[in-house]
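Read through the structure below, which is laid out as structure tokens, and then see the notes.
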Number of protein chains: 2
Amino acid sequence: MTERGLRERKKADTRAALAAATLRLAIELGWENVTVEAVAAAADVSYRTFFNHFSAKEEALLFPAGTDQPRLSARLRAQPAGTGVLAAARTALHADLTELEADAAALRDRITVVAGNPSLLPRLVEIGAADEREVAVAIAERTGQDAETDLYPGLLAAVLSAAVRVTFSRWHVQRGAVPLTTLLDEALDALAAGLPEPPH
Amino acid sequence: MTERGLRERKKADTRAALAAATLRLAIELGWENVTVEAVAAAADVSYRTFFNHFSAKEEALLFPAGTDQPRLSARLRAQPAGTGVLAAARTALHADLTELEADAAALRDRITVVAGNPSLLPRLVEIGAADEREVAVAIAERTGQDAETDLYPGLLAAVLSAAVRVTFSRWHVQRGAVPLTTLLDEALDALAAGLPEPPH
DNA sequence: CCGCTCGCTGCACACTGTGCAAGCTTGCTC
DNA sequence: GAGCAAGCTTGCACAGTGTGCAGCGAGCGG
């Protein structure tokens, strides 16, 4: 399933080379100075080939592995039916973040680029929270509600997305000193406590 | 301060005409079929003039009044120092949403366009939550914390942003039957209660 | 009334993203 | 192993976005 032949392996290599070149050039030159032409040249393929692998420049930076990998909604559905929504979400998010933290160097570089280019920030959320809409549906399935009309599923999905975003930000500021999962737990605990105002 | 002369009035008219034409064409043709050239033609100005008023196509749709209007962070700072952060945020958000709901028809059209084009969704958040970063700083000032390192300010700002986004979504689904402020209160109450899982 | 300011306009340009029609390598079949 | 289909790569043309620059003309101040 991982490699079915030389052709697919070469294709994956090309995609990886393009993604790596994109990230490297973004760090070296700044995101706005990265052109698709330069990326293609750095990866030794033609300009046109870039768009055979990525539909847009941002995709090469933020979705180097492709969009068909297991997403948060899938992980959430995989949790046993007995557990509560919040606990299930916490477990699913842990799995997601652990996987991302596996190549921490690339993740840090990516966040660095995004931090310097706010226009990319929304897309980063998609990495962590995948398709927030799907997550809302998965939550609705678990609570027996309707994702369209009821408040809870959409709100929880959006709030989880926000928690992940904040977690990425803090992880980056602390230069990865604390694991993503630990930081996420802090955020989720604060949420579960109803966001009580801390003493000052 | 509102109008200082014929020239400024004409400029504001041009901007308003461009914004209105953008919204109208987006509803009629779909966002992806709206070209700047068509918008400029509909507003009876040249192509180049469009970019003298808006730095990008999305800005004409989402920030028709300009980005220098009073933002959420300013409203938040304007709240009396005695009140708690959550209460202050609620009041500030009420003011913001009430103002937006004043021209409900345009707001509904805008949300319709955004709902059909997820790529625009992140920008809509900016309308409601303004600059989330500034809000985080304002929260930090109120709690005597540091917006960079402490969890609370950034988390609360992100969560408020999420609540506003969900509120817009529900308002749109219900076709504006319930005021924005009422829907926002429901979301904030759920958050303050720690997002307890509803019975199913 | 004269000059200055400033919005509007046209032109040229770099870049993104897409459709189409090739060419060439891979992998499968006979 | 020869051929054939599939599909990755490539070049070309094109629509559209966004920017820099220079000129024009109407509003504004002295």
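Every chain is numbered from 1 and lettered A, B, ... according to where its sequence line falls, protein lines coming before strand lines. No experiment lies behind these values; they were computed from the predicted model shown.
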B:Leu18 atom CG is separated from C:dG7 atom C1', nearest whole Å, by 13 Å
Salt-bridge present (A:Arg77, A:Glu141; N to O < 4.0 Å): yes
Between B:Leu86 and A:Glu197, is there a side-chain heavy-atom distance shorter than 4.5 Å? no
Taking CD from A:Glu32 and P from C:dT16, how many angstroms apart are they, rounded to a whole number? 12 Å
Donor-acceptor under 3.5 Å (B:Gln145 side chain, B:Tyr152 main chain): no
From NZ of B:Lys11 across to P of C:dC8 the rounded distance in Å is 7 Å
Interatomic distance, B:Lys10 NZ vs C:dC6 C1' [rounded to whole Å]: 13 Å
Within this structure, what is the CG-to-P distance between B:Asp13 and C:dC8, rounded to whole angstrom? 10 Å
Please set out all donor-acceptor pairs under 3.5 angstrom arising from side-chain atoms of residues 36-48 of chain A, sequence neighbours excluded.
unit_1	atom_1	unit_2	atom_2	d
A:Ser46	OG	A:Arg48	N	3.3
A:Ser46	OG	A:Thr49	N	3.3
A:Ser46	OG	A:Thr49	OG1	3.2

Could you state the atom-to-atom distance from CG of A:Asn33 to P of C:dC15 in whole Å? 10 Å
Whole-Å distance, A:Leu29 CG to C:dA14 P, equals 18 Å
List the protein contact pattern of nucleotides 10-18 of chain D with one symbol per nucleotide (5' to 3'): B for base contact, S for sugar-phosphate-only contact, - for none; contact means a heavy-atom distance under 4.0 Å. BBB---SBB
Heavy-atom nearest pair, B:Ala157 first then B:Ile139, reads N-CD1, 3.8 Å
Mind calculating the distance between CZ (B:Arg15) and P (C:dC6) to the nearest angstrom? 18 Å
Report for the helix from C:dC1-D:dG30 to C:dC30-D:dG1: angle between first-end and last-end helix axes, five pairs each, rounded to 10 degrees. 10°
Grab the two heavy atoms, one from B:Leu107 and one from B:Leu100, that are nearest each other, plus how far apart they are. CD2-O, 3.9 Å
Could you tell me if the side chain of A:Trp31 sits less than 4.5 Å from the side chain of A:Val114, heavy atoms only? no
